[in-house]
Visitor: 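Dropping a structure here in structure tokens format, bear with me for questions.
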Amino acid sequence: MRHPFELDPEIIHHIIYSQAGSVAKALIELIMNSVDAGAGAVILEITPEGFTCRDDGHGFASHDDVKRYFGRFGTPHREGDATYGRFRLGRGQIMAHARTVWRSQRWQMEVDTRVMGYEYELTEPGEIQEGCAISGDWYEPMSTQERMSCMQEIRDLVRYTPVTVSVNGNVITRKPEHEKWDAEDDVAWYRLREDGAVSIYNQGVLVRHDPGHNWGCLLYTSDAA
């Protein structure tokens, strides 16, 4: 009899904690998941004690969806059904920073890696949650400075995503076609910063800053044209 391979808890620990960066990066992963779920809007609230993230995407339609796409790390997206994600690993980052409750359609999933380990509680509360709503309590409360830095990092990184993103009541996204760019191609948009560095946006997300000397000739050529 054939049996599927199982994922050892140490591997799940590695996925959740070793890849976890800043709180902002973890929240950005949730925004990207919303985009991949077909959402048109994401509403994010960040407080010193926790956060909420709600979207109007398609969510988890069935028990099988929950088991396959939430309960299993690494289930690949099908070709063309995701803008950002590929192996559905990014949600693990927020689990390193907060105890979380995920609600979608009929389902509610509770995760607390410090108390429950690498298991989740799946229930049916009896109310339908359109899209997906995630709430979390930080394991370590955020200071005012940490929260402001987190919000600024999110603004910088997802400014041109193809959905409307609001953070604490303020829409932070812009339409890239309404912006002036120093250069554009089929891969990304490029903006020259005052310090000489080049900001590179791919699919609406700031992917990196490059030293200006790496791109200076390209930008001057583009301007001259």
Side-chain angles (χ1 to χ4, degrees), residues 7-37 39 42-55 57 59-60 65-66 68-77 82-104 108-122 131-143 146-159 161 163 165 167-168 172-173 202-208:
L7 203 57
D8 188 275
E10 288 297 321
I11 303 300
I12 299 177
H13 176 88
H14 178 80
I15 290 171
I16 291 176
Y17 282 92
S18 297
Q19 72 164 343
S22 65
V23 171
K25 294 287 197 324
L27 293 172
I28 288 167
E29 287 289 344
L30 300 185
I31 295 171
M32 292 180 175
N33 286 346
S34 295
V35 175
D36 287 342
V42 182
I43 301 172
L44 182 62
E45 298 284 337
I46 306 170
T47 71
E49 294 77 28
F51 76 95
T52 60
C53 181
R54 293 180 286 121
D55 70 44
F60 298 99
D65 279 353
V66 174
R68 181 179 300 173
Y69 304 126
F70 182 86
R72 180 186 302 166
F73 283 95
T75 302
H77 284 277
T83 300
Y84 299 114
R86 185 179 179 188
F87 291 114
R88 304 178 199 265
L89 298 175
R91 70 186 180 283
Q93 292 196 34
I94 199 65
M95 298 173 187
H97 296 287
R99 60 185 64 87
T100 53
V101 177
W102 308 61
R103 293 201 57 211
S104 181
Q108 176 172 296
M109 294 78 78
E110 298 180 47
V111 181
D112 186 343
T113 57
R114 296 192 180 183
V115 174
M116 300 164 60
Y118 304 113
E119 299 179 347
Y120 65 99
E121 187 76 30
L122 175 61
C132 187
I134 308 162
S135 59
D137 298 320
W138 304 127
Y139 286 127
E140 305 295 337
M142 299 177 72
S143 67
E146 287 172 334
R147 188 165 66 98
M148 297 304 292
S149 296
C150 174
M151 293 167 63
Q152 185 60 54
E153 186 175 356
I154 293 171
R155 290 190 193 100
D156 290 342
L157 291 178
V158 303
R159 185 168 294 161
T161 51
V163 301
V165 179
V167 177
N168 286 27
I172 64 169
T173 43
N202 176 259
Q203 295 181 319
V205 175
L206 179 64
V207 292
R208 69 176 191 265

Visitor: Taking side-chain hydrogen bond (donor to acceptor under 3.5 Å, both in side chains) as the test, write out the residues that go with Ser34, two or more places apart.
Guide: Asp55
Visitor: From Asp112 CG over to Asp137 CG, what is the distance, rounded to the nearest 0.5 angstrom?
Guide: 9.0 Å
Visitor: Check the pair Arg114 / Glu140 against salt bridge (charged side-chain N to carboxylate O under 4.0 Å, His left out), numbers first and verdict last.
Guide: CA-CA 12 Å; Arg114 296 192 180 183; Glu140 305 295 337; 3.6 Å; yes
Visitor: For Val158 versus Thr161, what's the shortest heavy-atom pair and its separation?
Guide: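 It is O-OG1, 3.1 Å.
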Visitor: Might you point out which heavy atoms bring Ala98 and Trp138 nearest each other, and give the distance in Å?
Guide: CB-CE3, 3.7 Å
Visitor: Using the test side-chain contact (heavy atoms from CB on, under 4.5 Å), find all partners of Asn168 that sit at least two apart in sequence or belong to another chain.
Guide: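 Testing Asn168 for side-chain contact (heavy atoms from CB on, under 4.5 Å), a comparison that skips the adjacent residues, returns Glu45, Ile46, Arg147, Met151.
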Visitor: Identify, with sequence neighbours excluded, every residue that meets side-chain hydrogen bond (donor to acceptor under 3.5 Å, both in side chains) alongside Gln108.
Guide: Glu110
Visitor: I need the His97 NE2 to Leu27 CG distance, nearest 0.5 Å.
Guide: 8.5 Å
Visitor: Of all heavy-atom pairs between Val66 and Phe60, which one has the smallest distance, and what is that distance?
Guide: CG2-CB, 3.8 Å
Visitor: Taking only residues two or more places apart in sequence, or in another chain, which ones meet Glu146 in a salt bridge (Lys or Arg N to Asp or Glu O under 4.0 Å)?
Guide: none
Visitor: Would you say Met148 has more than 12 foreign heavy atoms packed within less than 6.0 Å of its CE?
Guide: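 Result for CE/Met148: open.
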Visitor: If you measure from CE on Met95 to OG1 on Thr113, what distance do you get to the nearest 0.5 Å?
Guide: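 Rounded to the nearest 0.5 Å, the CE-OG1 separation comes out at 8.5 Å.
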Visitor: Per the side-chain contact (heavy atoms from CB on, under 4.5 Å) rule, which among Ile43, Asn33, Val42 passes with Cys53?
Guide: Val42
Visitor: Could you tell me which non-hydrogen atom of Ser104 sits nearest to which non-hydrogen atom of Gly59, and how far apart they are?
Guide: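 Heavy-atom minimum between the residues: OG-CA, 3.2 Å.
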Visitor: Can a donor-acceptor pair be found, under 3.5 Å and without considering hydrogens, that links the side chain of Thr100 to the backbone of Gly136?
Guide: no
Visitor: Could I get the full list of side-chain contact (heavy atoms from CB on, under 4.5 Å) partners for Ala133, not counting sequence neighbours?
Guide: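 Per chain and number, Ala133 pairs via side-chain contact (heavy atoms from CB on, under 4.5 Å) with Arg54, Gln129.
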Visitor: Restricting to ring-ring contact (aromatic ring centres under 6.0 Å, His included), what partner residues turn up for Phe70, sequence neighbours left out?
Guide: Trp102, Tyr120
Visitor: For Thr52, what residues pass the side-chain hydrogen bond (donor to acceptor under 3.5 Å, both in side chains) criterion, not counting sequence neighbours?
Guide: none
Visitor: Should we say atom CD of Gln152 is surrounded by more than 12 heavy atoms from elsewhere, each under 6.0 Å from it?
Guide: yes
Visitor: Roughly how far apart are Leu30 CG and Ile134 CD1, rounded to 0.5 Å?
Guide: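 Here the interatomic distance stands at 4.5 Å.
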Visitor: Just how far is it from atom CD1 of Ile154 to atom NZ of Lys25, taken to the nearest 0.5 Å?
Guide: 10.5 Å
Visitor: Using side-chain heavy atoms (C-beta onward) and a distance below 4.5 Å, is Val23 in contact with Phe51?
Guide: no
